Amino acid sequence: MEVFDDKHIKNVVFVGAHHSGKTTLAETMLFEAGLINRRGTVENNNTVSDFHDIEHERGASVFATPLHTEWRNYKINIIDTPGLDDFIGEIISSIRVSDTILTIIDAKQGVEIGTEIIWNYIDQYHKPTVFVMNQIDHPSVHFEDAFISLQELVGNKAVKIQYPIKIDGAQGIIDILKMRLYKFGPNGGKPEKLPIPESELEKANQLHNELVEKAAENDESLMELYFEKGSLNEDEMRQGIKAGMLQHDLFPVFCVSAINDMGSGRLMGFIDNVAPAATDMLPEISLEGHQIKPIKEDPTTLFVFKTLYLPNIGKVSYFKVKSGEIKVGDKLTNARTGEMEVINQLYIMDGKKRHAVEKLSTGDIGATIKHKDAEVNDTLYTGDEIITLSPIDFPEPRIYKSVAAENKNHEEKLFEALKKIHSQDPTMVLRYSPETNQHILACQGELHLATIKWELQNHHDIEAIFKKPKINYRETIEGSAKAVYRHKKQSGGAGQFGEVHLRIEPFEEGMDEPTGVSIRGKEEVSLSWGGKLIFYNCIVGGVIDARFLPSIQKGIMEVMENGPLTGSKVRDIRVMVYDGKMHQVDSNDISFKIAGAHAFKEAFLNSKPKLLEPLLSLTVLVPEDNVGGVMTELQARRAVIQSIESTHKYQTLKCSMPEAELFGFSTELRSLTQGKATFTSKFRSYEPVPAYVQSELVSGEFVEH
């Protein structure tokens, strides 16, 4: 295959809401460039991009798929991404390595919730962005409404390069930059290039002048030229548009009909001539403080942004060449492991097809296979200085399930399979909870979970059981109590004797020292499960030898690890051991450990014991029409709504909700809003449960949603 230099490589990622037409547009671009001789369709399961079995079953993208096309001596690397935020990890990693984002908008719908979610990440990465209005030839399209919805999202930075019209019953696109009318036949393809009709000339001129001003704003020399001439020519406008894109201050808007092959050639021409290349981007600063310049003369740096396990191939590692050149046989160091990685094979990937190449230059996207140690976020480099590029920051999981193999003999096989899945999808996290003795699988949503389950069944032949995980409750007290316990055991020979008098109270940071006791010593224990135990030695007159105090504390700690109410961990308590008795012969460590444990347990149960539950901060983005139903559902789940903010056609509900009530919320939210709402959650704090819930939990009758 032809190897392109760094000036003629453009990296674009297709993002957008579910069913906005990303995969169809990618297929159309490949067809227009002549790289495929027949366009596949999502419905017929024969597109280059959606090649996985699960994508064929679902009829939608699940994985981000790198592919490429060529247009007028430029190579355009395309990454086609899923549209559902259950697969947000695929989208974010693709945004990380792209140089221009093509955000596809269904012109019938305008900006959807999926567009908003993805836009937040684009904005965070500050990447040059083009908005593409798709399906402009559909009879129910209202282009101006769709454009207004876009301006409500990104402001006046969205600037029309094109807008659609009907002319003599045919679909047309007026191009503001070129000041041309493209008129398409019923089957799309190459358009007829015509002058702009008189009826549209005033509007087109007005938009052209606005575009000239926007282009001039981003470059001082262009601004001076604009003041001098009163206008800019097409090349000067391209220069200004590119500068605006690089500054994240101008977002060109194009029109296409991907399914009917209208406008894709013009869009590719714009990508070639205007969209930034990797060499236009600012140097990236490594975590060590080194500048990684996007030039081929520098030492080689690769960033691994994706791994994938393919049948009959094994592990495929996808990377972007951030600097230098990479050739077959090159040896690079993995910054994470310190180990040497040899590039034995080098490919350009088009979906499942591999095209072997001998080298790739700065800015290009490629792949290699069977790199056992290379993982997502790894940096591979040459030279003596360690280079670690900033990792992709993946979002926190939203749903949690306990996971186990249906066949106990397959447990090891299950966790090996899940380790592989995590390798190609870091948004799926597996951890073991020693507190509940469960393996917890965390992921982005029910659809995400369904794909994991599908992969276990179909690729690894494992049946897994997914259940609600147990909640890690905590126990504490609200009152104070004293207790006395004497442990005495006599069974021939040396016996056991220990008597402990203690008082317990709730502990809060910054509180005054306890009164009514003589404090001789104090130990502050930070508990591994959160909170503290403050242990006071208040013994007067040596009634208990100091060497037995650690045993008393050990007994207390054992009870705290398995609390008296529900067996949950105990936290935030202070204990004053103020009296007791011992026997010169029969007293020993075990006696005082047992006495301390029993005294603490008795005092705990008499100190207004309280159960604490983990509380989450929940942010729900929901369409205005569905807010009432979602709020009702949240309140039914004991959520407390703290604020409501309006953004575009959506409202953001910020609330706190018990973790116990989160299970099933993802499914219910999707049902209530036809999949148009989304949410994020993260741990907030431990808070007391309501009295009726505590009563049910202690009796074992509590039923979670």
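It should be emphasised that the depicted structure is a prediction, and the values quoted were computed from it without experimental measurement.
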query: Hey, does the side chain of Glu602 reach the backbone of Ala483 with a donor-acceptor pair shorter than 3.5 angstrom?
result: no

- prompt: Within a reach of under 6.0 Å around NZ of Lys401, are more than 12 heavy atoms found that belong to other residues, nucleotides or ligands?
  reply: yes

- prompt: Could you go step by step and tell me if Leu616 and Lys682 meet the side-chain contact (heavy atoms from CB on, under 4.5 Å) rule?
  reply: CA-CA 5 Å; Leu616 305 175; Lys682 63 180 180 179; over 6 Å; no

message: Donor-acceptor check, side chain of Ser591 to backbone of Ser587, threshold 3.5 angstrom: yes or no?
response: no

task: Say whether, by atom type as modelled, one donor and one acceptor occur between the side chain of Ser695 and the main chain of Ala691 under 3.5 angstrom.
output: no

Heavy atoms of other groups near Lys569 NZ, more than 12 under 6.0 Å: yes

task: Using distance alone, with no hydrogens and no angle criterion, decide if His460 and Glu455 have a side-chain donor and acceptor under 3.5 Å apart.
output: no

message: Tell me which one of Val500, Ile594, Val575 satisfies side-chain contact (heavy atoms from CB on, under 4.5 Å) with Ile552.
response: Val500

message: Could you check whether atom CG of Asp461 has more than 12 heavy atoms from other residues, nucleotides or ligands sitting under 6.0 Å from it?
response: no

message: Does any part of the side chain of Leu672, heavy atoms only, come nearer than 4.5 Å to the side chain of Arg670, both counted from C-beta?
response: no

message: I want to check something: taking the side chain as every heavy atom from C-beta on, are Val62 and Asp86 in contact at a cut-off of under 4.5 Å?
response: no

field: 4.5 Å side-chain heavy-atom contact, Pro469 and Phe663
entry: yes

query: Under the salt bridge (Lys or Arg N to Asp or Glu O under 4.0 Å) criterion, do Asp85 and Arg398 qualify, and how do the steps go?
result: CA-CA 11 Å; Asp85 69 325; Arg398 290 180 294 184; 2.8 Å; yes

- prompt: Does the Glu411 side chain pair with the main chain of Ala405, one donor and one acceptor, at a distance under 3.5 Å?
  reply: yes

task: Drop me the distance from Thr652's OG1 to Leu621's CG, to the nearest 0.5 angstrom.
output: 4.5 Å

field: Residues which pass ring pair (Phe, Tyr, Trp, His ring centres under 6.0 Å) with Tyr536, listed by chain and number, not counting sequence neighbours
entry: none

Donor-acceptor pair, side chain of Glu55 and main chain of His52, under 3.5 angstrom: yes

CA sep, side-chain torsions, deciding dist, call: Asn407, Glu463, side-chain contact (heavy atoms from CB on, under 4.5 Å): CA-CA 8 Å; Asn407 183 336; Glu463 291 292 335; over 6 Å; no

- prompt: Can you tell me how far the CE atom of Met560 sits from the CD1 atom of Ile573, to the nearest 0.5 Å?
  reply: 5.0 Å

field: Straight-line distance of Asp425 CG to Thr451 OG1, nearest 0.5 Å
entry: 7.0 Å

query: In terms of side-chain geometry, is the basic nitrogen of Lys470 or Glu435 positioned less than 4.0 Å from the acidic oxygen of its partner?
result: no

message: Would His371 and Asn334 count as a side-chain hydrogen bond (donor to acceptor under 3.5 Å, both in side chains) here? Give the steps.
response: CA-CA 11 Å; His371 266 204; Asn334 187 321; over 6 Å; no

- prompt: Which class fits the ring pair Phe548 and Phe592: parallel under 30°, tilted 30 to 60°, perpendicular over 60°?
  reply: parallel

field: Glu645/Gln651 under side-chain hydrogen bond (donor to acceptor under 3.5 Å, both in side chains): CA gap, chis, key distance, verdict
entry: CA-CA 6 Å; Glu645 299 171 7; Gln651 294 200 351; over 6 Å; no

task: Only counting residues at least two apart or in another chain, list the ones meeting side chain to side chain donor-acceptor pair (under 3.5 Å) with Gln124.
output: none

- prompt: For Phe535, which residues count as a ring pair (Phe, Tyr, Trp, His ring centres under 6.0 Å) partner, sequence neighbours excluded?
  reply: none

- prompt: Quick one: does Gln424's side chain have a donor or acceptor within less than 3.5 Å of a partner on Leu308's backbone?
  reply: no

query: When rounded to the nearest 0.5 angstrom, what is the spacing between OH in Tyr400 and CG in Leu441?
result: 11.0 Å

query: Any salt bridge between Arg574 and Glu524, counting N to O under 4.0 Å?
result: no

Side-chain (Thr619) to main-chain (Thr680) donor-acceptor, under 3.5 angstrom: no

- request: Indicate yes or no: does Lys315 engage Glu375 in a salt bridge with an N to O separation below 4.0 Å.
  value: yes

- prompt: Is the count of non-hydrogen atoms from other residues, nucleotides or ligands lying under 6.0 Å from Glu508 atom CD greater than 12?
  reply: no

- line: Separation between OG (Ser568) and CD (Glu561), nearest 0.5 Å, reads 13.0 Å

Test: Glu613 and Arg474 ion pair at under 4.0 Å: no

- request: Evaluate the side-chain proximity of Pro609 to Glu475: yes if any heavy-atom separation is below 4.5 Å, no if none is.
  value: no

task: In plain terms, say whether Lys488 and Glu499 are close enough for a salt bridge, that is, a side-chain N and a carboxylate O under 4.0 Å apart.
output: no

Carboxylate-amine/guanidinium proximity below 4.0 Å for Lys610 and Glu478: no

query: Are there more than 12 heavy atoms of other residues, nucleotides or ligands under 6.0 Å from atom CG of Asp393?
result: no

message: So that I can tick it off, tell me whether Glu668 and Arg637 are bridged by a salt bridge, with the cut-off set at under 4.0 angstrom between side-chain N and carboxylate O.
response: no

query: Does Arg96 count as lying over the ring of Tyr125, i.e. NZ or CZ under 6.0 Å from the six-ring centre, within 45 degrees of the axis?
result: no

message: Under 6.0 Å from the ring centre and within 45 degrees of the ring axis: does the NZ or CZ of Arg486 meet both conditions for the six-membered ring of Phe497?
response: no

query: Going by atom types alone, do Thr673 and Asn626 pair a side-chain donor with an acceptor below 3.5 Å?
result: no

message: Quick check against the 3.5 Å criterion: does Thr337 have a side-chain atom that pairs as donor or acceptor with the backbone of Glu339?
response: yes

task: Answer yes or no: is there an ion pair linking Glu505 with Arg503, defined by an N-O contact shorter than 4.0 Å?
output: yes

- prompt: Side chains of Val570 and Trp529: closer than 4.5 Å at any heavy-atom pair?
  reply: no

- prompt: On the ring face of Tyr578, is Lys482 found with NZ or CZ under 6.0 Å from the centre and within 45° of the axis?
  reply: yes

- prompt: Which atom names give the shortest non-hydrogen contact between Pro82 and Ile91, and what distance separates them?
  reply: O-CD1, 3.4 Å

message: Before you tell me yes or no, could you show the steps for Glu396 and Thr427 under side-chain contact (heavy atoms from CB on, under 4.5 Å), namely the whole-Å CA-CA distance, both residues' side-chain angles and the distance that decides it to 0.1 Å?
response: CA-CA 7 Å; Glu396 291 294 317; Thr427 63; over 6 Å; no

- prompt: Side chain of Asp586, backbone of Gln496: donor and acceptor closer than 3.5 Å?
  reply: no

- prompt: Can you find a pair of side-chain heavy atoms, one from Thr388 and one from Arg336, that are under 4.5 Å apart?
  reply: no

message: Quick check on side-chain contact (heavy atoms from CB on, under 4.5 Å): which of Ile452, Thr667, Leu84 does Leu447 satisfy it with?
response: Leu84

query: Counting distance only, does the side-chain N/O of Asp572 pair as donor-acceptor with the main-chain N or O of Lys532 below 3.5 Å?
result: yes

field: Flag side-chain contact, heavy atom, 4.5 Å: Val376 against Ile392
entry: yes

- prompt: Relative to the ring of His459, is the ring of Trp454 parallel (under 30°), tilted (30 to 60°) or perpendicular (over 60°)?
  reply: perpendicular

- prompt: Does the side chain of Ser390 reach to within under 4.5 Å of the side chain of Leu287, using non-hydrogen atoms?
  reply: yes

message: Atom NZ of residue position Lys581 - does it have more than 12 heavy atoms of other residues, nucleotides or ligands inside 6.0 Å?
response: no

